[in-house]
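Shown next, in structure tokens, is the structure this report addresses.
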Amino acid sequence: MVAVKLWGSLRDLAEGHDVVEVEARNFKELLDALVAKYPALKPQIDRGVSLAVDGLVYRNSWFTEVKPDSEVVLMPYMKGG
Amino acid sequence: MKNIHVSTTLNGDEAEFVCAPEETLLDALRNRLGLSGAKEGCGTGDCGACTVEMDGRLVCACLVLGAEAQDAQIKTVEGMAIGEALHPLQQAFIDHAALQCGICTPGILVAAKNLLERNPDPTDTEIRYWLAGNLCRCTGYDKIIKAVQIAAADMRGA
Amino acid sequence: MNFQSNTKTDFKVIGTRVPRPDGVDKVTGRALYGADYNVPGMQVGLILRSPHAHATIDSIDVSAAAALPGVKAVITSADLGIPEDEGLRDVQDNCLARGKVLYDGHAIAAVAAKDVATAKAALKLIKVEYTLLPHVTDVDEAMKLDAPVVQEARADESVPAGSGPNVTHFCEFGHGDLDAGFALAETIVERSFTTAATHQGYIEPHACLASYGNDGKADLWCTTQGQYFVRDLCSGILGIEGSQLRVTASEIGGGFGGKTTVFIEPVALALSRKAGRPVKIVMSRVDVFRATGPTVSSSMDVRIGMTKDGRITAAEAKLRYQGGAFPCGTVDMGAQAAFAAYDLQAVRTQGWNTLTNRPKEAAYRAPGAPMAIYAVESVVDELCQKLSLDPLDVRILNAADAGTKSSYGPTFDQIGLRATLDAAKAHAHYQAPLGENQGRGLSCGFWFNFGGNTSVSLAINADGTVGVTEGNPDIGGSRASISMMAAEELGIPYEKVRTIITDTSSLGQNDVTDGSRVTFAVGLATIKAARAAIQEMCGRVAKIWGIDADAVVWEDGCAKPSGPNAGDFEPMTLAEIAAISSETGGPIAGHHEVNAEGAGVSFGVHLADVEVDPETGSTRVLRYTVFQDAGKAVHPDYVEGQMQGGAVQGIGWALNEEYIYGEDGRLQNAGFLDYRIPVASDLPNIDTVILEIPNPGHPYGVRGVGETPIVPPLAALSNAVSRAIGVRLNALPMSPPKILKAVMSKD
């Protein structure tokens, strides 16, 4: 099980939790598991999210490994200029 | 009105072109004479990207009519290098990273060359005020001023 | 990918100041930008734009225009389909209005004609019937429940019930117990701020040349930060496959984020398709201001609590952004970046985006961050003044560091903030005395930076030179840095390497040049492509020597036996190996495709000294120093250039630049005369100090640097001016009339 930290405004879409536990070994499995557990998260995930795993930010890399003791933080998909 | 036939001197060479009465010198240079070094950044004389020298004076080519080039001496960035040799300003700009995107560079080079011909040993302040009509958005001007000083010293020394 | 264990440190080429490869072309006028390209038979394209801030389009009659001799095509949105994808539909609707015009300058129709005069005459013949609608341009006005509705039903699921009809998005970040945190504070400051929209101000207007063949294949030449993205957007809008459209990026005359999308390109392609001729469109400066992508404007509230020793106990921000007439996600970035420089137990940022009758926002260096951090750094400075604490010491006391749980969630790894703060504290600038009417201000700055899709191909030419092919327009000197990294990796002189930027018919996908990603991501891919080529070369040499491939190593530009046991062979140089590539198996190359991750964040600190003339309100910047962590400065001149250029953009933003809308909802200052960007005589030298705290995610430790420098100037100048005049300012820009008003209100 991986603990995923959600940002504040996603809490309401995850039944008030800001940390949720899912079964996942990589980025894609993690997102799929989040949507399966909390379908209200789907629109934001479809719009795009990044994942910070142990401090490094990944934008949309399905096979990025996620370990049970990884710090995993969901972030909006980032844009620059 | 019909198109106007213009005879002029361009970077030391005799040149002729035909242009509409309302056409600017900038458009004539770019569209009639194939010289795209001068750029249109604004079309209203505010940015200096179209700076050329006309009879020894700096002008915004977007504010000069093509027809006004009749019998004038026009100098553009394309005339600065002599054969293989870059002008010291051009070399200094490359050596000291005084350009990034380079769109303002032709105008600034023409303006700086004109300054150094009038004042071979300008202060930083004099350079900054001379170039105040040439907008640059990439560099913050710091390396441009330094490159002009280096070229000026080079030209005084040589 | 973590390179921490083997981040290179002994460099031969990296860190030197080599001449840039595009330099000669740019100083001689030979370089070709967007408007410099011409083809036979090309037509002039011009766009008709709305003079109204908000109106329905009841009818458009193009018949007279189309019938004008010399006109080859006239188009409106009716000539395009309606994309299913919401984001693409918004891009298209911004390029050509559908049903309603949403801002002054919104494109409605376009013509292609044999020359400018004919095209202008044709535009005049297009008859448009409008019904005017009430408009709204101010962010707080637009958020009200009774505001004019810009677009129906564009709110996403994040928007709280009871929000106004123009609010499209809400976000919240942070952690900890705010109430408990504020209870621990001995002083609390709460302030509201506003910032105006600004424009990237690139000197080169958007320009493109589209050539659509009767066989459905098209070519597009355009000035852009991302030719592959332009291909994706345009092919989607035109309903063709990406492979049928080849997009070539010209040299770019400045972008800063504003050229990461399309405005005129789909229009030029649609005109060319209909006309059966090439069509060139060059935007006027007026249209660039009215109808490309400025920043958001903002209204913000910040509350911070501090102990008398300077420790921040709680921090809260509310950010209200407007991104024009289409939904925009920039407030997410601002809300995450706002408190990034601080190690906080209790922090919360909330952000709202609202629609207005203004042009569609586009990125401008660290989009969303400058205004948010301006507000935060202003309040921190005010607290320092109230508590008589040194502003730099307070930043150091509260600085985020390795192991800090950031205000936006992840725990930081190695970061350079503390190093930049320490460097600022030790610098002579911080100790220099100040005179009358002078003030010193500072601010931290931050940007995330990222990686993204990148493809690089590296060819070892038979003559021993190397060609690197990459897909990212060079907006800051990256071609030089890419060549340097290839040269470093291969162990050959920089002069032997040439990097070119290809069009979309080559290589795999490349994300746009943004997010300060090129030196990081393209550099990383280049290093890997070089390593692949090295592996191939070692394999060739192994065959020549008759030993195993893993008994050959690469060192100093040569293949060598790995040790005495491998055999006694003379090293072979890259040139020698290349010369016999044909005989040993064929051409030698390496390539690498990656969705690069692990970009490092970049922190900076700026110090600004100003003098304010109390009679005119005019501000002179006396001294300015930029401290920034670059991870590893591949080419120090170009890193300095980014620091200086970004800082000056921020200075303009702080002191003078703003979009001014009239009561009629029309832009009042659409030109460089009245939208006043800094000129050479406004500024002192911009001193720079580069710190290098390597990013473990890159083989050489590189961090992106291009965006962070625009962030600190806003508050650095506001803090400096506030201290100089003895009145705290809370709105940008601090143009002379506004400063004068504040000075006079003091007495």
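Order of the sequence lines fixes the chain letters, A, B, ..., with proteins taken first and strands second; residue numbering starts at 1 for each chain.
Interface remark: of the candidates C:Gly201, C:Gly29, C:Pro19, C:Gly201 forms the most heavy-atom pairs closer than 4.5 Å to chain B. Per-residue heavy-atom pair counts under 4.5 Å with chain C were compared for B:Pro106, B:Cys138, B:Ala97, and the maximum is reached by B:Cys138. Looking only at heavy-atom pairs under 4.5 Å with chain B, the residue among C:Ser681, C:Gly255, C:Gly646, C:Gly476 that has the most is C:Ser681. Looking only at heavy-atom pairs under 4.5 Å with chain C, the residue among B:Thr76, B:Leu131, B:Val77 that has the most is B:Val77. Ranked by non-hydrogen atom pairs under 4.5 Å with chain B, the options C:Val679, C:Leu32, C:Asp474 are led by C:Val679. With chain C as the partner, the residue from B:Gly102, B:Gly41, B:Cys136, B:Gly37 showing the most heavy-atom pairs under 4.5 Å is B:Gly41. Most heavy-atom pairs under 4.5 Å with chain B, from the set C:Gly641, C:Gly253, C:Ala680, C:Gly645: that is C:Ala680. Contact count versus chain B (heavy atoms, under 4.5 Å) is highest, among C:Ala117, C:Gly23, C:Ala207, for C:Gly23. In terms of heavy-atom pairs under 4.5 Å with chain B, the best-connected choice from C:Val282, C:Val24, C:Thr688, C:Val286 is C:Val24.
In this structure, chain B has no heavy atom under 4.5 Å from any part of C:Val116. With a threshold of 4.5 angstrom between heavy atoms, B:Leu86 approaches chain C through side-chain atoms but not through N, CA, C or O. Both the backbone and the side chain of C:Ala35 come within contact range of chain B, with heavy atoms under 4.5 Å apart. Looking at B:Ala49, only its side chain comes within 4.5 Å of chain C, counting heavy atoms on both sides. For C:Ile651, no part sits under 4.5 Å from any heavy atom of chain B, backbone or side chain. When heavy atoms are compared at a cutoff of 4.5 Å, B:Phe93 approaches chain C solely by way of its side chain, counted from C-beta outward. For C:Ile252, the part lying under 4.5 angstrom from a heavy atom of chain B is the backbone only. Neither the backbone nor the side chain of C:Ser284 comes within contact range of chain B; no heavy atoms are under 4.5 Å apart. Contacts of B:Leu109 with chain C are made by side-chain atoms alone, with heavy-atom separations under 4.5 Å and no backbone atom involved.
Rounding to the nearest 0.5 Å places CD of C:Glu204 at 4.5 Å from CD1 of B:Ile103. With values rounded to the nearest 0.5 angstrom, B:Thr105 atom OG1 is found 11.0 Å from C:Ile203 atom CD1. Remark: B:Thr139 OG1 to C:Glu640 CD distance equals 12.5 Å, nearest 0.5 Å. Here the CZ-CD1 distance, from C:Arg20 to B:Ile94, works out to 9.5 Å after rounding to the nearest 0.5 Å. Here the OH-OG distance, from C:Tyr33 to B:Ser36, works out to 10.0 Å after rounding to the nearest 0.5 Å. One distance of note links CG of B:Asp142 with CG of C:Leu683; it measures 9.5 Å at 0.5 Å rounding.
Within 6.0 Å of OH in C:Tyr494 there are more than 12 heavy atoms belonging to other residues, nucleotides or ligands. Atom NZ of B:Lys75 sits in a sparse spot, with 12 or fewer heavy atoms from other residues, nucleotides or ligands closer than 6.0 Å.
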| query | Does the side chain to side chain contact (heavy atoms under 4.5 Å, CB included) test come out yes or no for C:Leu673 and B:Thr44, once each step is laid out? | reply | CA-CA 9 Å; C:Leu673 187 63; B:Thr44 50; over 6 Å; no
| Residues B:Lys143, C:Asp637; criterion side chain to side chain contact (heavy atoms under 4.5 Å, CB included); working and verdict | CA-CA 9 Å; B:Lys143 291 184 190 291; C:Asp637 280 350; 4.1 Å; yes
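By the 4.0 Å N-to-carboxylate-O rule, B:Glu22 lies too far from C:Lys120 to be salt-bridged with it.
Under the 3.5 Å distance criterion, the side-chain polar atoms of B:Lys39 are left unmatched by any main-chain donor or acceptor of C:Asp36. Although no hydrogens or angles enter the test, the distance criterion places no donor-acceptor pair under 3.5 Å between the side chain of C:Gln644 and the main chain of B:Gly140. Between the B:Tyr141 side chain and the C:Pro678 main chain, a donor and an acceptor come within less than 3.5 Å of each other. At least one donor-acceptor pair under 3.5 Å links the side chain of B:Arg137 to the backbone N or O of C:Gln200.
Minimum heavy-atom separation, C:Val27 to B:Gln90: O-NE2, 2.7 Å.
Using a 4.5 Å heavy-atom threshold, the side chains of C:Arg285 and B:Asp46 count as separate. Residues B:Gln100 and C:Gln642 have side chains in contact (heavy-atom distance under 4.5 Å, counting atoms from C-beta outward).
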